[in-house]
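The figures that follow rest on heavy atoms only: side chains count, while hydrogens, waters and symmetry mates do not. Every chain is numbered from 1, with letters handed out A, B, ... down the list of sequences.
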Number of protein chains: 2
Amino acid sequence: MRDWEERFTSFLKARGLTFTRERKTILEAIFATHDHFDVDSLHEDLKKRGERISVATIYRLIPLLVESGMIRQAVSRAGHPTYEHLFGHLPHHHLICVRCGRVAEFREERIEKILDGVCEREGFSPIEYRLGVRAVCSTCRREEKK
Amino acid sequence: MRDWEERFTSFLKARGLTFTRERKTILEAIFATHDHFDVDSLHEDLKKRGERISVATIYRLIPLLVESGMIRQAVSRAGHPTYEHLFGHLPHHHLICVRCGRVAEFREERIEKILDGVCEREGFSPIEYRLGVRAVCSTCRREEKK
DNA sequence: ATTGCGATTGTTAATCAATCGCAATATACG
DNA sequence: CGTATATTGCGATTGATTAACAATCGCAAT
């Protein structure tokens, strides 16, 4: 059994909820890639897999996944929430191309150190650092020159 | 004439648009404080000032303000876009209390230096760095202890 | 295997913010 | 002034999310 499966099952059990076929199927789709997703892309994914799961079920599952720490809301340029799963992912930040929407990830511990200091100075206890760099990627930059 | 007024007027003129009484009134409300705002809070503000401007007008103005660089979308914990104006504001980042929603601002040039390096490494041309620290503020931490 | 109960599901209807279409006004400019 | 164009507010519309509900499912105790 994959670790995410085990972890989510026990999260559900602790609340008297059940790990159904639908929930398992949705999780499989989520963990099949490291791509960011939203309700719609996930629904499409499921269709491609020949699954007919209603969007309502997806909407209902997402808060549970967030609470259990399986996924989190990601940065994006879209006007609606997108998510990313948190297994096999170290904490990281994002470079977002404002033209094509491509997202690259990076990690920089020096920044976290600095931010720890900022939080202390301001009297905040940090939970999470979210860093999004809006930029233009090399491909789009070449395009623009034309 | 305030600089934001002049700047927005010329932006509009360059596009054959006009600086109307409504647009001026909305801008005044926006620049009257340094608080973040959304369409609804702005509409409320205008009501308090005795102005009856429809939300549609606000919705139509916002993209113009963003394009002209007068405001930008801000980080927030709300599920819909919020904005902040960019006059008399140095570039800065946000500490957001996840309990009470309080936002504190800070500035850290060391971080920008590091990010310049990251962008170069990844082949991105940076436009803007957005850093949001999700945290619990000192007041809320005291509350939680009880 | 069966039962019973609460959780879960898909469908449909309701909600809500955001956008659009249009007729009435306002504005710029000759 | 008078015309052309931009702007406004209203109300209708859209699209995404949530709620209500009746039918089914999962699971633990028979």
Summarise how protein sits on nucleotides 8-25 of chain D as a single string, 5' to 3': B when a protein heavy atom is under 4.0 Å from the base, S for sugar-phosphate-only contact, - for no contact. BBB-----SSB-B-----
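Using the six-membered ring where Trp is involved, B:F37 and B:Y83 have ring planes that are tilted, between 30° and 60° apart.
For the pairing with B:F87, the ring-ring contact (aromatic ring centres under 6.0 Å, His included) check across B:F8, B:F31, B:W4 returns one residue only, B:F31.
In this structure, A:T18 reaches the C:dT8 phosphate: one of its side-chain N or O atoms is under 4.0 Å from OP1 or OP2.
Distance CZ (B:R15) to C1' (D:dT7): 16 Å, rounded to an integer number of Å. For B:I26 and D:dT7, the CD1 to C1' distance is 11 Å, given to the nearest whole Å. Here the P atom of nucleotide C:dT9 and the CD atom of A:E51 are 13 Å apart, to the nearest Å. Separating the NZ atom of B:K13 from the P atom of D:dT7 is a distance of 13 Å, rounded to the nearest angstrom. Rounded to whole Å, atom P of C:dT27 lies 14 Å from atom CG of B:L12.
Taking 4.5 Å as the limit, some side-chain heavy atom of B:R72 sits within range of a side-chain heavy atom of B:E128. Between B:H92 and B:E84, some side-chain heavy-atom pair lies under the 4.5 Å cut-off. Inter-residue side-chain proximity for B:L131 and B:L115 is flagged as unmet; no heavy-atom pair is nearer than 4.5 Å.
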ring-ring contact (aromatic ring centres under 6.0 Å, His included) between B:H36 and B:H94, worked out: CA-CA 11 Å; B:H36 291 190; B:H94 298 96; 5.0 Å; yes
For DNA chain D, just give me the dot-bracket, please: Watson-Crick or G-U, both distances below 3.5 Å, ( ) intra-strand, [ ] crossing earlier pairs, | paired with another strand, . unpaired. ||||||||||||||||||||||||||||||
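Remark: side-chain polar atoms of A:R107 are paired, donor with acceptor, to backbone N or O of A:P91 under 3.5 angstrom.
Taking 4.0 Å as the cut-off between side-chain N and carboxylate O, A:E108 and B:R121 count as a salt-bridged pair.
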